[in-house]
Protein chains: 2
Amino acid sequence: MSHTFGVRQAQKQRTRQALMDAALALLEEQSLSSLGLREVTRAVGVAPTAFYRHFRSTADLGVALVEEALGSLHLVLGDLMSAVGDSDELIRRAVELIARHVDAYPAHVRFIARERHGGVQPVREAIQGQLARFAEEVGDDLAKRPETAGWSDDDRLMLAGLYVDQMLATASLFLETHDGPEAERERVTRLAGRRMRLISIGCRHWLD
Amino acid sequence: MSHTFGVRQAQKQRTRQALMDAALALLEEQSLSSLGLREVTRAVGVAPTAFYRHFRSTADLGVALVEEALGSLHLVLGDLMSAVGDSDELIRRAVELIARHVDAYPAHVRFIARERHGGVQPVREAIQGQLARFAEEVGDDLAKRPETAGWSDDDRLMLAGLYVDQMLATASLFLETHDGPEAERERVTRLAGRRMRLISIGCRHWLD
DNA sequence: CCATGCAGTTAACAACTGTTCTCTGTAATT
DNA sequence: AATTACAGAGAACAGTTGTTAACTGCATGG
């Protein structure tokens, strides 16, 4: 079988992950389009040519990072949608889960926010594609809820996109206060909550 | 006087503008953190060392570009706020003005969207600062309108930020369809309009 | 147990980068 | 008319980059 993991395959995947982690760390203070292949291998402690055993180019590395970063965010989205309850309670929960995720994977969030409109086309497209899937999922979930009963699918997708955008904007705000004072984080929490509340109010009166 | 423009000063500003224009063009398919000084001077047709007569570094160039790009967008914002009339009419007008601006200055819009979360700190901070000023202005304008009567300044600023973010998101969407089919542009126009309409509805019922 | 596959190495390449120093021509000042 | 200020040119620097080729060692499958 191809997925029987011997010592060989395991070691390969380990250095592959090391390359991705190193890249993510280097991307804290630059963007993907300026990330050099040698820079990454140097950080890992491996020969430059070893890079090619795992990725065709840094753009290819970037696409792999998109899958990793948005994969972890997708789990949060699942958590968000599985919840039920009062609207205000849902919003509070959403903001807190986002804050927790930013705390746990700040580099992932920074990468997505930075490369969503970044200078590397394949990466941009990968992100847009995944986010479109996110919006579809949220739209499908909204269809099961009473708040959007009687809505057209198109309108539901509009709202879903708005929520997804808001999720990323909120995550980005939390990222800026990641090693700032607690008061700032609290301010962002309240701000994000009110933003989503205003949207949910608009949603409640959409069909008037 | 220092601002008496002789032949000398005029020529200097001309090449300075040429450098900025060339940079903006090069940034269509990369981000600022990978933009090389030599790359820019080569595109203009001047010696690499001439760059230093105008900018300390490419980051410095970036900050100048922020002022240019957000300066032009600021004019659009002024147009938007000076208008009065029915809510739907205002939204239609806003979306059209944004579309027009993206058509007129696509490179400016791309630059702001890309570097807002980009890898060059001074540029990021310049953008965030200007956008905060935008939000303040919109907040002040909202205070004069009946829709937000009785709101706290904090809530008004929250709504203003939401509108500013939405303006940029809309501009970014238009940019993606910039040389696409007319049908796509129409779809984005309708989507952006509905997004803003939902927000304005939420605004109308905020104090319930 | 031996042959193969393949992750990773070493060395070398031409091309490119930012930065410094020195020089030149000419507009502006005196 | 003589002097100064300064935008831009030119050459050179040490260091970096992506990519190729031929290699080594070792886990794996027959």
Side-chain angles (χ1 to χ4, degrees), chain A residues 1-23 25-65 118-123, chain B residues 1-23 25-65 118-123:
Chain A
M1 308 291 274
S2 72
H3 41 65
T4 177
F5 274 50
V7 180
R8 199 75 189 260
Q9 301 256 9
Q11 173 63 15
K12 173 164 183 177
Q13 270 224 343
R14 191 191 285 165
T15 65
R16 181 188 153 98
Q17 189 61 46
L19 287 170
M20 290 174 65
D21 291 348
L26 289 166
L27 286 174
E28 196 156 335
E29 37 199 21
Q30 66 181 312
S31 22
L32 184 64
S33 84
S34 67
L35 184 71
L37 148 177
R38 295 184 99 109
E39 203 177 348
V40 179
T41 57
R42 191 188 312 133
V44 173
V46 81
T49 50
F51 186 90
Y52 293 107
R53 300 286 178 192
H54 303 276
F55 306 101
R56 241 183 281 276
S57 62
T58 53
D60 198 24
L61 206 203
V63 173
L65 283 176
V120 183
Q121 201 191 32
V123 171
Chain B
M1 307 293 274
S2 70
H3 40 66
T4 178
F5 274 48
V7 179
R8 198 74 189 259
Q9 300 257 8
Q11 172 63 14
K12 172 164 184 178
Q13 269 223 343
R14 191 192 284 164
T15 66
R16 181 189 153 98
Q17 189 60 46
L19 287 169
M20 290 175 66
D21 290 349
L26 289 166
L27 286 173
E28 195 156 335
E29 37 197 22
Q30 64 180 315
S31 22
L32 184 64
S33 83
S34 66
L35 184 70
L37 151 177
R38 296 183 98 110
E39 202 177 348
V40 179
T41 57
R42 191 186 313 133
V44 173
V46 310
T49 49
F51 186 91
Y52 293 107
R53 300 285 177 193
H54 302 276
F55 306 102
R56 240 182 283 275
S57 62
T58 53
D60 198 26
L61 206 204
V63 172
L65 282 176
V120 182
Q121 202 192 31
V123 172

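Reminder, nothing fancy here: chain letters follow the sequence lines and each chain counts from 1. Predicted model, so just to flag it, every value in this text is computed and none were measured.
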* Scan side-chain atoms only and decide if Q11(A) and R14(A) contain a donor-acceptor pair under the 3.5 Å cut-off. => yes

* Asked: Any side-chain N or O of T15(A) under 4.0 Å from OP1/OP2 of dG8(C)?
  -> yes

* S34(A) side chain to S33(B) side chain, donor-acceptor N/O pair below 3.5 angstrom -> yes

* To do: Decide yes or no, distance alone: a donor-acceptor N/O pair under 3.5 angstrom between the base of dC6(D) and the side-chain of R8(B).
  => yes

* **Residue whose closest nucleotide on DNA chain C lies nearer the 5' end, Q11(A) versus R38(A)** => Q11(A)

* Asked: Would you call R38(A) and F51(A) a side-chain contact if the rule is heavy atoms closer than 4.5 Å?
  -> no

* **Among dT17(D), dG18(D), dG8(C), the nucleotide that comes nearest once only the side chain of H54(A) is considered** => dG8(C)

* **Between P of dG8(D) and CZ of F55(B), the distance in whole Å** => 11 Å

* Nearest to the side chain of Y52(A), which nucleotide is it out of dG18(D), dG8(C), dA21(D)? -> dG18(D)

* Asked: Under 4.0 angstrom, heavy atoms only, what part of the nucleic acid is R14(A) near: base, sugar-phosphate, or nothing?
  -> nothing

* **R42(A) vs dT17(D): side-chain N/O to OP1/OP2 distance below 4.0 Å** => yes

* Given dA7(D), dG18(C), dT9(C), the nucleotide with the shortest approach to the side chain of R53(B) -> dA7(D)

* To do: Report the residue (P48(B) or A47(A)) whose heavy-atom-nearest nucleotide on DNA chain C is the more 5′ of the two.
  => A47(A)

* Asked: Atom CZ of F51(A) and atom P of dT17(D): how far apart are they, to the nearest Å?
  -> 13 Å

* Asked: From the list dA28(C), dA9(D), dA7(C), which nucleotide is the closest neighbour of the side chain of V7(B)?
  -> dA28(C)

* For the side chain of E39(B), counting heavy atoms from C-beta on, which of dG8(C), dA7(D), dT17(C) is nearest? -> dT17(C)

* In whole Å, what is the span from the CG atom of L37(B) to the C1' atom of dC16(C)? -> 13 Å

* Is there a donor and acceptor pair closer than 3.5 Å between the side chain of T49(A) and the base of dT20(D)? -> no

